Amino acid sequence: MIESAPIVRCRGVGKRFAGVQALRGVDLDIRGGEILALIGANGAGKSTLMKILAGVIEHDSGEVHVDGVATRLRGVREAMRAGIALVHQELNLAENLDIASNIALGREPNRWGFLRGRDLNRQAREWMDRVGLEISADHAVESLSIGHRQMVEVAKALSMDARVLILDEPTSSLSMVETRRLLGLIRTLADQGVAVVYITHRLDEVMRCADRAVVLRDGAVTAEFSKTALNRDALVQAMVGTIRQVALAETALSDGAASARGQAAATVRLQVRGLRTMAHPSESIDLSIGKGEIVGLAGIVGAGRTEVLRSIFGIDRRLAGSVEIDGRALRGGRPAHATRAGIALVPEDRQRDGLFAEDSLCVNASIVRIARESMAGFIRTSAERAGVSRMIDLTRISPVRQERMARLFSGGNQQKIVLSKWLMSDPTVFLLDEPSRGVDIGARAEIHALIRESANRGAAVLCAVSDIEELLLLCDRIIVMRDGRITGELSAQDATEESITRLAVHEREECAA
Amino acid sequence: MKKSIGIASILIAIIVATAILSPNFLTAYNIENLLRRTALFGILSVGVGFVILTAGIDLSIGGVVCLAGILTPYLLTQMGWSPTETVAMIVLMSIAIGVLQGGLVAYGRIQPFLVTLCGLLMFRGIARGITQDQTQGFQGQFQDLRWLGNGRISIPWVEHFAVPAPVLSLVIIAVLSMIFLNRTVWGRWMKALGRNPSAALHSGIPVARLQVLAYAICSLLAGYGGLLFVCDVGSAQPSDFGNFYELYAIAAAVLGGYRLAGGEGSVIGVIIGAAVMQVLRNAITLVPWLPDTAEFAVIGIVILIGVLGDEFLRRYAASRVRTQTKGIS
């Protein structure tokens, strides 16, 4: 095949979010007629890069060329006009409308504002035929399977004259048959000259259908493979890389404490039996964590880690299963019960679920604690302030101003505020969901120190962490999940980035096309 | 406190304007009357403030006022209950109404607008059904109980002016509310719940129970308010007693700085808001060239101006904060 000129060419594209460098100078060519697989661990920058190309966000350094002309894609409409369409992982369809209306959404054929139903359906039919969607165009989207919805999204993108079709983890919630059909479809589209960019965690799919694979790590391209050079082990190697130096310094710090904790871990503190969550009702989770032990939950996005934590704490309903603390069953399924039993949860989305942004640091930090040290329901203000003050010293929140509104603090300090909320109540079971998301390396080390401190005082810690380096740094033991079930368990000594990735990433040889 | 300055200056402006336009405004009789009505409506407004704080709404206040206002003379004169039994009944019934509606909102996950709209219709209907639509009065008796509504507390050395008794009720209720909201764990949690319900749930705060509590307080104060209203005027007609009172209460709360989205508002602000409403109504009656029939129009305009002004200030403040602290995720 003759190398055609790339439709989209990225040169040194960079993007920074609130102190975190998400992309650092990415070079990438996207060519028509080719399926390009984009892979990398969580947080490697894949989605950020694709959002820039689709006009969802703007890059702040480097250049993006479309058809050889340097452009800045401001907004999704502009990207669409350039022929670039992104199909999000969470599909964006109007569920109450039918397929035809969804495909034409915003561009409905009309006369003086009145819809022309027949044209609408006829045009939709064309695009549906092209993606091989053999059902009636007047089906409501809410009655469709995820696989069919995906195809509606692709049809919609094509109807907007997309030349570059970006699919963000399209198969993460598809069945085997649906996956095969989708992969067949993108192959057909590529043969027709469309450039397909395919983001995935599933290496077997990459091996099967990609013409080229690009690996991202820490916001930069670390490897590129042509179809003939594709090789699973090399892909895994390129994804995980080696441990950074800053992290090494932290390891030295944690080693002594870990061995001390090793002895205490003999007594079981948290015991979960037969837990079934709403997200994966057919899978059942068993795990036990010792006193003072830090256990990591590894897995890719959607593996069900968040749901396990939420179900233990009672945010999500437990379909089945029991939770025991120090041998005593947890009664009541609500977070208030869990909190009283000494369970704490640091949620993944701190803005939405963790922080009272309009309240002061003091109110945020003491919100759980005030109930413990109240007198007949009255807040003891002096004790509250003293407690918060001690906590600020411990967590090194800055600036040291109890009355400052929480939303005015930086990301790392906000996370410390959420941690303080629970540390002040001295939890016996400490659940954390991505405790260092969006914070810089310095704050991350401090947050790790606080988690260790809590474990040293006897807490059983269970934390979902996507960054494998971080898992190896922080945890005594690592439990790996995939598709809602536990696929393996590794001690900190035995675990390597490679062994974790193997357990976490899908291997489905059995469904070869 | 800082937020109440805006509404307080509106109140003063209206008072000054009305005093200039009407010689009858600053008379002892009129002021006393204004204080009485402000206190009565203030009690309802403080109540609905709790519900609005949790991002809910209570439209049933008018219905509860009606039911309590009808039942008080009905139980005393028709059923022969003692004043103590009657008051106890009104209190228990009001709390039960609040728990029922709050329960439907918190545990049944039904929208508060719907639950309390149905409540509004139901409670007035019950009142009309019980009494066969007959006006209920005290028949010249029960002066001790009626003192709560129509009594006057004389001030030493002041001759022509006395403090209306409902002011005493309002002060006690306001002080208790402020203590609850600012000094107790549940008050702190209720405010937090309004600010960010999801974070409240993730902090192990008993969200549902607090919601029920807010509705219970609101209905209790509405029921007590209904009792005071009927004690003040002496009789109540089931078909229109308490009509639109929920809207007066909600308007006062909004004027006083409560956000319908929850989480924000102060007891002082809400009382000033209730005062603004009453001074406005008073002004419309007193100022000769303002037609009485335009009452609702004037009130509507003033509330709109108040809310717009508040929103403007809020955006101005937010944009200032944003420019000061760029780059916060």
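In what follows, every chain begins at residue 1, and chains take the letters A, B, ... in the order their sequences are listed. Bear in mind the structure is a predicted one, so any value in this text is a computation, not a measurement.
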*asked:* Can you tell me which portion of A/Phe313 sits under 4.5 Å from chain B's heavy atoms? Options are side chain, backbone, both or neither.
replied: side chain
*Go through the atoms of A/Arg340 and report whether side chain, backbone, both or neither lie under 4.5 Å from a heavy atom of chain B.*
side chain
*Under 6.0 Å from the CZ atom of A/Arg390, do we count more than 12 heavy atoms belonging to anything else shown?*
no
_Please classify the contact of A/Ala371 with chain B as side chain, backbone, both or neither, using a heavy-atom distance under 4.5 Å._
both
*For A/Glu373, is it the side chain, the backbone, both, or neither that has a heavy atom closer than 4.5 Å to a heavy atom of chain B?*
neither
*Would the number of heavy atoms belonging to other residues, nucleotides or ligands and lying under 6.0 Å from CZ of A/Arg372 be above 12?*
yes
_Taking CD in B/Gln111 as the centre, count heavy atoms belonging to other residues, nucleotides or ligands within less than 6.0 Å. Is the count above 12?_
no
*If you draw a 6.0 Å radius around OH in B/Tyr107, do more than 12 non-hydrogen atoms from other residues or ligands fall strictly inside?*
yes
*Above 12 or not: heavy atoms from other molecules or residues under 6.0 Å from NZ of A/Lys15?*
yes
*Can you name the residues of residues 202-211 of chain B that have some heavy atom under 4.5 Å away from a heavy atom in chain A?*
B/His202, B/Ser203, B/Gly204, B/Ile205, B/Pro206, B/Ala208, B/Arg209
*Heavy atoms under 4.5 Å from chain A: which residues of residues 182-198 of chain B carry them?*
B/Arg183, B/Thr184, B/Val185, B/Arg188, B/Trp189, B/Ala192, B/Arg195, B/Asn196, B/Ser198
*Which atoms of A/Ser366 approach chain B - backbone, side chain, both or neither, heavy atom under 4.5 Å*: side chain
_Counting only non-hydrogen atoms closer than 4.5 Å, does A/Val418 touch chain B with its backbone (N, CA, C, O), its side chain (CB onward), both, or neither?_
neither
*Please state whether the side chain, the backbone, both or neither of A/Leu355 comes within less than 4.5 Å of a heavy atom of chain B.*
backbone
_Taking every non-hydrogen pair under 4.5 Å, which of A/Asp353, A/Ile315, A/Thr381 racks up the most with chain B?_
A/Asp353
*Report the option among A/Leu345, A/Val368, A/Asp359 that has the most heavy-atom pairs separated by less than 4.5 Å from atoms of chain B.*
A/Asp359
